[in-house]
**Student:** 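I'd like to ask you about the structure that follows.
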Amino acid sequence: TRRVASLEEATAALREELCAEREGRRAAAEAAKAAAEAERRRRARLRLRRLLGRHVDLCRAEGALRSARAQARRSLRRQVAQQLTAMGSVAAVLAPAGLFK
């Protein structure tokens, strides 16, 4: 009986030790899983930040392109108006002399 009690005690101690070990492994696995998830989120944030930066750069470039095109159109209109004015002045000078019809 003393021997049986000693064996039961040893078995209970081993069972408790195994449970603690299993709990430790479970906690370590959960910590590793949480660390992997945190790393995945960090990488996703970095990727998103890079994509957002590229999008902002693209938007700025498109804005600059629209601005340059608008400026070129304004400049062209001004040049055409100046040419038409110059042609009108030349026509006004030449018409009385009968050189421009």
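Side-chain atoms are counted along with the backbone in the values below, which use heavy atoms only and exclude waters and symmetry mates.
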**Student:** Is Ser6 reaching over with its side chain to a backbone N or O of Arg2, donor-acceptor style, under 3.5 angstrom?
**Tutor:** no
**Student:** CD of Glu21 to CG of Leu14: how many Å apart, nearest 0.5 Å?
**Tutor:** 10.5 Å
**Student:** Do other residues, nucleotides or ligands put more than 12 heavy atoms under 6.0 Å from the CD atom of Glu39?
**Tutor:** yes
**Student:** Between Glu30 and Arg26, does any NZ, NE, NH1 or NH2 come within less than 4.0 Å of an OD or OE carboxylate oxygen?
**Tutor:** no
**Student:** Just by modelled atom types, is the Gly63 backbone N or O under 3.5 Å from a matching donor or acceptor in the Ser67 side chain?
**Tutor:** no
**Student:** Are Glu37 and Arg40 within salt-bridge range, i.e. N to O under 4.0 Å?
**Tutor:** yes
**Student:** Can you find a heavy atom in the side chain of Arg69 that is under 4.5 Å from one in the side chain of Arg66?
**Tutor:** no
**Student:** Within a radius of less than 6.0 Å around CD of Glu16, do more than 12 heavy atoms belonging to other residues, nucleotides or ligands occur?
**Tutor:** no
**Student:** Please confirm whether the backbone N or O of Leu7 pairs with a side-chain atom of Thr11, one donor and one acceptor, at under 3.5 Å?
**Tutor:** yes
**Student:** Check whether any side-chain heavy atom of Arg54 lies under 4.5 Å from a side-chain heavy atom of Leu58, and answer yes or no.
**Tutor:** no
**Student:** First locate atom CD of Glu8, then atom CZ of Arg15, and finally report the distance between them rounded to the nearest 0.5 Å.
**Tutor:** 9.5 Å
**Student:** What distance separates Arg78 CZ from Leu76 CG, expressed to the nearest 0.5 Å?
**Tutor:** 10.0 Å
